[in-house]
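Letters A, B, ... mirror the listed sequences (proteins, then strands); counts begin at 1. Here the structure is a predicted model, which is why all the values come from computation and not from measurement.
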Amino acid sequence: MDKNPSGEDNDDIDWDTEDELEIQDTVFSSCTNLRTTGQHVVCSNGEASSSSVPFQSSKFIQQFVVMGFTEESIAKAIEQNGENSDLVLDALLTFKALDDSPEEQPSTSPQLEPSISSDDSFSEYNENILDDVYEEDSWSSDSDNCINPVGRCYLNDEGSSLSGNEKTLLFLANMGYPEEEGSIAMKRCGPEASLPELVDFICAAQMARAEDPYLPEDVKPKLKHILNDFGGYKKRKMYNGLCKRKKPREISAEEETIRLPKPMIGFGVPTEPVPTMVQRFLPKKTIGPPFFYYENVALAPKGVWDTIKRFLYEIEPEFVDSRYFSATQRKRGYLHNLPIENRFPLFPLPPRTIHEALPLSKKWWPSWDTRTKLNCLQTAIGSAKLTDKIRKAVEKYDDEPPLEVQKYVLYQCKKWNLVWVGRNKVAPLEPDEVEMLLGFPKNHTRGGGISRTDRYKSLGNSFQVDTVAYHLSVLKDLFPDGINVLSLFSGIGGGEVALYRLGIRLNNVVSVEKSEANRNIVRSWWEQTNQRGNLIHFDDVQLLSRDCLEKLIGSFGGFDLVIGGSPCNNLAGSNRVSRDGLEGKESSLFFDYVRILDDVKSIMSRHR
DNA sequence: CGAAGGATGAGGAATGAT
DNA sequence: ATCATTCCTCATCCTTCG
């Protein structure tokens, strides 16, 4: 049993609690002070004003005005194509490209290049793949409308197309985006980034700022209004349409799109034969420290994982269904730079069928319900009304109900993860059953003021501990003296629990979690398991500015692991209201994960 | 008795597999 | 083409508490 592995062992180290608290206090106060600085930065870049537009013309025209096209060219494009957004945009881009293409820029702009080439985490990688850009680029052969310069941006220090950067920047500027933001986006998106991708990045950044709690209230509505009405998703969709039309068949977006493996076992799971072809390409710059581990739903809207991959150094994500670790399915993508050799699972191995996990249900389980695995545990549970309807539907028959009834009952049971708890009686899982299925200790989320509804919600949003622990197990030999962890979007502490159950000592854990109830859960678990290390909580990723990270890293010498799964609200299939992709209100916090990881990497590389 | 918070139930579509 | 799956949101009702 690994359930209570000590807290008693390894007492040879002198844990000076008072010193640590002092460090903690210093960090806290300094980070709090940084808020004003951060706020100032946000307010001073002026993207709100640069994005504002005259509101006198029709909405159809406005959407192009806000992109930076002149009213004359818009009028011309509408005249030629009618009020069809895609066609008009197409024409406008063509005008623009034709305007831009004849001129030859004499040299690279001195202001722009340093900011691009000085990035320590991307420049080397960029150089490696530059050679292929031209061959792969399908836009350059599209001579008809010369879309090439705006379709992609090139990071090339020499050669004939050195004006590509500037053209892209110029184009973005014409769309109303400040040069600074365009430059950052190009730097972050990499050399192959297309225009829609760059626009994505900038919009996401702007939206993140619109949500910034420290942004003055009078700026927020303006920003949001602009983003909602004219920018963001709508714009992106239009550009996507454009991409598909313009790209020749041979290198299609479909081929570039990440495909989910079948069976979904990633780079391998303990219970299945190892996949035959595991090629793992880790660019040199991405190899730790720090190690990082990012998680999100596998079944996200199209293109989301491509974007995630692009923002996380082009590392191939590992898609794993937790059905190979537990009695419940959980299809997730994990993107990390961990070694994948010599992994080992948590012991004891958890039950892997419904009957093993819920032995009492076996007695009542009808033979025609052939489920052996539960579906994904979500944040909401089936209603009493539904279980009542099912009972009434089934109890009318002494024997097996007719096929139609079976079909209906099975559909609902799968949809809501209902289990048989009595004769003709189904019920949703209890919270402690969900805890067990996800690999948490019993009562992990119980008590301390959390409501039952919120328990389900927190659990539904969590890691499957056994799955994550399998991936993290390689850290045990690498860090025999324990590790420092930066845990973003910690939730109920799935990462922490996984590390603890692996027997990896937690020296310093900086945990960022919005929900107070969740922070209490982690704090309580921390105390109950007699952790000797240092737990520092933040409630908002926005607070982790570069200065703040600098201080944290300075205080205990850097992070060994950055772990977290950013919000999936706007990616998950069950969201019928706001499945908006990575630009969504919550899911756009992914970009904060990237920002923070990037800062940690660059600060730590400087410290070394 | 009213405010606050918890519980309830109604509510499809995107996506990939076949 | 059909089928299966999906870390969900929101308005409303109910309970609790002062």
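- With contacts defined as side-chain heavy-atom distances shorter than 4.5 Å, the pair A:Leu502/A:Phe344 qualifies.
- Nucleic acid contact class of A:Lys457 (heavy atoms, under 4.0 Å, all strands): none.
- Computed from coordinates, the A:Arg579 CZ to C:dT9 C1' distance equals 14 Å when rounded to whole Å.
- A:Cys568 comes within contact range of at least one nucleobase, with a heavy-atom separation under 4.0 Å.
- In summary, of the residues considered (A:Trp364, A:Trp420, A:Trp416), a side chain to side chain contact (heavy atoms under 4.5 Å, CB included) with A:Val426 occurs for A:Trp420 alone.
- The side chain of A:Lys262 approaches B:dT18 more closely than any other nucleotide in the set B:dA7, C:dC7, B:dT18.
- Between A:Arg332 and C:dC7 there is a side-chain N or O to OP1 or OP2 distance below 4.0 Å.
- Between A:Tyr313 and A:Phe292, the distance from one ring center to the other falls under 6.0 angstrom.
- Between the C1' atoms of B:dG12 and C:dC3, the separation comes to 16 Å (whole Å).
- Within 4.0 Å of A:Arg330, counting heavy atoms only, lies at least one base atom of the nucleic acid.
- A close approach under 4.0 Å does occur between a side-chain nitrogen or oxygen of A:Thr379 and OP1 or OP2 of C:dC8.
- Between A:Leu589 and A:Tyr593, the closest side-chain pair of non-hydrogen atoms is not below 4.5 Å.
- Here C:dC7 presents its P atom at 13 Å from CH2 of A:Trp416, a figure rounded to the nearest Å.
- Closest to the side chain of A:Arg452, out of C:dC7, C:dT6, B:dA7, is B:dA7.
- The six-membered or imidazole ring of A:Phe319 lies near that of A:Trp305, with a centre-to-centre distance under 6.0 Å.
- OP1 or OP2 of C:dT6 has not a single side-chain nitrogen or oxygen of A:Gln378 nearer than 4.0 Å.
- Of the residues near DNA chain B, A:Lys389 and A:Asp454, the one whose nearest nucleotide (by heavy atom distance) lies more toward the 5' end is A:Asp454.
- Straight-line distance from the CD1 atom of A:Ile381 to the P atom of C:dT9: 16 Å, rounded to whole Å.
- At a threshold of 4.0 angstrom between heavy atoms, the contacts of A:Leu571 with the nucleic acid are absent.
- Residue A:Tyr334 contributes atom OH, which lies 11 Å from atom P of C:dC7 at whole-angstrom precision.
- Checking B:dG11, B:dT8, B:dG16 against every side-chain atom of A:Thr453, the shortest atom distance belongs to B:dT8.
- Within the nucleic acid shown, A:Asn569 comes within 4.0 Å of sugar-phosphate atoms alone, with no base atom in reach, counting heavy atoms only.
- When the nearest nucleotides of DNA chain C are assigned to A:Arg576 and A:Lys414 by heavy-atom distance, the more 5′-ward of the two goes with A:Lys414.
- When distances run from any side-chain atom of A:Asn296 to the nucleotides C:dC7, C:dC8, B:dG16, the shortest one goes to C:dC7.
- For B:dA7, one of the phosphate oxygens OP1 or OP2 lies less than 4.0 angstrom from a side-chain nitrogen or oxygen of A:Ser451.
- For the OP1/OP2 pair of C:dC8 and a distance below 4.0 Å, the side-chain nitrogens and oxygens of A:Ser574 include at least one atom meeting the criterion.
- Of the candidate nucleotides B:dA14, C:dC7, C:dT9, C:dT9 has the atom nearest to the side chain of A:Asn575.
- At whole-Å resolution of the value, CG in A:Leu377 and P in C:dT5 are 14 Å apart.
- The shortest distance between the side-chain N/O atoms of A:Lys385 and the OP1/OP2 oxygens of B:dA10 is below 4.0 Å.
- A:Asp321 places its CG atom 17 Å from the P atom of C:dA4, with the value rounded to the nearest Å.
- Separating the CG atom of A:Asn518 from the P atom of C:dC7 is a distance of 18 Å, rounded to the nearest angstrom.
- Phosphate contact (OP1/OP2 of C:dA4, side-chain N/O of A:Asn375, threshold under 4.0 Å): absent.
- Among the nucleotides C:dC7, B:dG16, C:dT9, the one closest to any side-chain atom of A:Ala380 is C:dT9.
- For the pair A:Gly449 and A:Val577, both in contact range of DNA chain B, the more 5′-proximal nearest nucleotide belongs to A:Gly449.
- Pair assignment for C:dC7: none, as no Watson-Crick or G-U wobble contacts are both less than 3.5 Å.
- Using atom C1' as the reference point in both C:dT6 and B:dG11, the two lie 15 Å apart (nearest Å).
- Regarding A:Tyr411, its OH atom lies at a distance of 10 Å from the P atom of C:dA4, rounded to whole Å.
- Within 4.0 Å (heavy atoms only), A:Ser566 reaches at least one base atom of the nucleic acid.
- Proximity of a side-chain donor or acceptor of A:Glu513 to a complementary backbone N or O of A:Ser515 within less than 3.5 Å is detected.
- When ring centroids are compared, A:His336 and A:Tyr294 stay outside the 6.0 Å threshold.
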